[in-house]
Amino acid sequence: MLMNLHYLADAMREWVMLTEYAHNIKMVYEEELLGTGGTLLRNRDFVGNEPVMLVHADNLCLTDIQRYIAAHANRPKGTEITMMTFNTPTPETCGIVEIDDSGIVRAFHEKVADPPGNLANAAVYIIEPAVIDFLASLNKPLVDFSTEVLPHYVETGKVYTYHNQIYHRDIGNMGSYLAAQIEFPQSATSKETNNAWSLICRRNSNKLDDKIISALSSTLNAELVDVDKLLQNKKNKSVNRAKICIMYCSDAGKHLEPVTRMIENEKLLTSNILIFFKKVPTNFSSRTLYEKTGLRSIALYSNDN
């Protein structure tokens with residue numbers, strides 16, 4: 001895997017080196033971004049003469065990678081790109097595609113006000129070496145894949161599609177990121193993914209530390225509330241009603257009921273509250289909590305209670 005670094009490069013490099021996948025990842029740094037196409041061209045030696053998967057990093061995606069690769073291998077003759085697609089609830093914010101009966105893209109509408117449908121480009125592609133040759137033919141270092149490469153291949157009928165039916169969301173903005181906290185746990189623990197995300201969350205439960213929570217609260221300009229301390233101090237349970245509030249708890253089994261009761265008693269706006277839980281019962285569901293109370297939550301791992 002090749003990972004392109006730019007913004008917060010040192011922090012990303014440090015994070016990668018702490019993972020078990022570090023030995024499989026080559027990191028490159030671009031002081032001035034070359035665009036998604038330009039990065040591919042610059043690292044052509046790494047790509048070699050094999051198909052390569054191009055992934056935009058601001059996506060949260062669960063899919064069957066082996067099926068995706070197989071779909072590309074068996075794509076219609078003459079196509080050179082296999083684009084992942086998904087059904088989006090906000091088509092006006094995505095690149096919407098129109099495909100024919102063979103799954104080939106015949107039209108592409110990039111973030112238009114009234115798009116014809118909700119079949120969206122997931123910004124995940126498998127591309128053939130000939131596409132790198134096309135990048136080189138443009139004779140410039142900075143190339144945007146979406147605006148300079150895709151249109152050419154759509155016009156010539158060379159873009160095939162693979163539909164992701166499990167889960168995909170662009171989390172490039174904070175609103176979408178928070179929405180993913182509700183949607184993702186249920187998708188990630190479905191039969192299709194063999195509870196893989198639950199295992200990952202348990203293994204990485206210690207990663208939810210004060211630095212992460214503080215960074216998110218700073219990004220959202222949110223009030224930060226330590227629920228453990230708040231519930232211990234019975235004289236002072238005041239929370240700003242108008243401001244976005246991030247609450248963090250050590251254990252949902254112990255704190256969820258008193259926290260929801262406090263929110264009801266003080267008539268706090270649940271739409272303004274995001275709760276982090278370090279430990280939750282195995283039957284905990286972020287989606288169920290949201291549907292019952294309107295509270296958004298991030299639950300990192302389960303215990304065996």
Open item on the list: Is the shortest side-chain heavy-atom distance between V143 and L34 below 4.5 Å?
Closed with: no
TODO: Identify the residue among I99, L54, V97, I127 that makes a side chain to side chain contact (heavy atoms under 4.5 Å, CB included) with M83.
DONE: V97
Open item on the list: Ring-plane angle category for H6 and Y29, please: parallel below 30°, perpendicular beyond 60°, tilted otherwise.
Closed with: parallel
- [ ] Using a 4.5 Å cut-off on heavy atoms from C-beta on, say whether the side chain of T85 contacts that of N164.
- [x] no
Open item on the list: Do Y167 and Y162 sit in one hydrophobic cluster, given that two such residues count as connected whenever their side-chain heavy atoms are within less than 4.5 Å of each other, even indirectly?
Closed with: no
Task: Closest non-hydrogen atom pair between A122 and N59, with its separation - done: O-ND2, 3.2 Å
Open item on the list: Please tell me whether L41 and F145 are part of a single hydrophobic cluster in this structure, the criterion being side-chain heavy atoms less than 4.5 Å apart.
Closed with: yes
Task: Steps toward side-chain hydrogen bond (donor to acceptor under 3.5 Å, both in side chains) verdict (N87, H168) - done: CA-CA 8 Å; N87 293 118; H168 188 93; over 6 Å; no
Task: Polar side-chain atom of R75 near backbone of H72 as donor-acceptor pair, under 3.5 Å - done: yes
- [ ] Check whether any side-chain heavy atom of I65 sits under 4.5 Å from a side-chain heavy atom of T63, and report yes or no.
- [x] yes
Task: Pairwise side-chain contact, M53 with Y68, heavy-atom cut-off 4.5 Å (strictly under) - done: yes
Task: Taking every non-hydrogen atom, the tightest pair across E110 and G95 - done: OE1-CA, 3.7 Å
Task: Gap separating the CD1 atom of I104 from the OG1 atom of T79, nearest 0.5 angstrom - done: 6.0 Å
Open item on the list: Nearest 0.5 Å, please: how far is CZ in R13 from CG in L18?
Closed with: 13.0 Å
- [ ] Following the transitive rule for hydrophobic clusters with a side-chain heavy-atom cut-off under 4.5 Å over Ile, Leu, Val, Met, Phe, Trp and Tyr, establish whether M1 and V124 coincide in one cluster.
- [x] no
- [ ] Might you point out which heavy atoms bring F86 and N121 nearest each other, and give the distance in Å?
- [x] CE2-O, 3.6 Å
TODO: Find the distance between CG (L40) and CZ (F46) and round it off to the nearest 0.5 Å.
DONE: 11.0 Å
Task: Rounded distance [0.5 Å steps], CG in L142 versus CZ in R42 - done: 11.5 Å
Task: Nearest-0.5 Å distance that lies between atom CG in L60 and atom CD1 in I171 - done: 5.0 Å
TODO: Kindly indicate whether the side chain of V105, heavy atoms from C-beta on, has any atom under 4.5 Å from the side chain of E98.
DONE: no
Open item on the list: Quick check for you: to the nearest 0.5 Å, what is the distance between I96 atom CD1 and D114 atom CG?
Closed with: 11.0 Å
Task: Within 6.0 angstrom of R106 CZ, more than 12 heavy atoms from elsewhere - done: yes
- [ ] Report yes if some heavy atom in the side chain of I69 is under 4.5 Å from a heavy atom in the side chain of I126; otherwise report no.
- [x] yes
Task: P91 to N118 - nearest heavy-atom pair and separation - done: CB-CA, 4.1 Å
Task: Check: T39 side chain, T36 main-chain N or O, donor-acceptor pair, under 3.5 Å - done: no
Open item on the list: Assigning hydrophobic clusters by single linkage (Ile, Leu, Val, Met, Phe, Trp, Tyr; side-chain heavy-atom cutoff under 4.5 Å), is I166 placed with M84?
Closed with: no
Task: Side chain to side chain, E30 and L5, heavy atoms closer than 4.5 Å - done: no
TODO: Locate the shortest heavy-atom distance separating T88 from C94; write the atom from each residue and the value.
DONE: OG1-SG, 3.5 Å
Task: Which atom of P129 lies closest to which atom of N49, heavy atoms considered - done: CB-OD1, 3.4 Å
- [ ] Determine whether V55 and Y125 make a side-chain contact, defined as any pair of heavy atoms from C-beta on separated by less than 4.5 Å.
- [x] no
- [ ] Determine whether the side chains of H56 and D170 contain a donor N or O and an acceptor N or O closer than 3.5 Å.
- [x] no
Task: ILVMFWY network linking L8 to W15, side-chain heavy atoms under 4.5 angstrom - done: no
Acceptor/donor pairs from residues 148-161 side chains to any protein atom, 3.5 angstrom cut, sequence neighbours excluded:
| from | atom 1 | to | atom 2 | distance (Å) |
| --- | --- | --- | --- | --- |
| E148 | OE1 | K140 | NZ | 2.4 |
| E148 | OE2 | D144 | N | 2.8 |
| T156 | OG1 | H152 | O | 3.0 |
| T156 | OG1 | Y153 | O | 3.3 |
| T161 | OG1 | G103 | O | 2.6 |

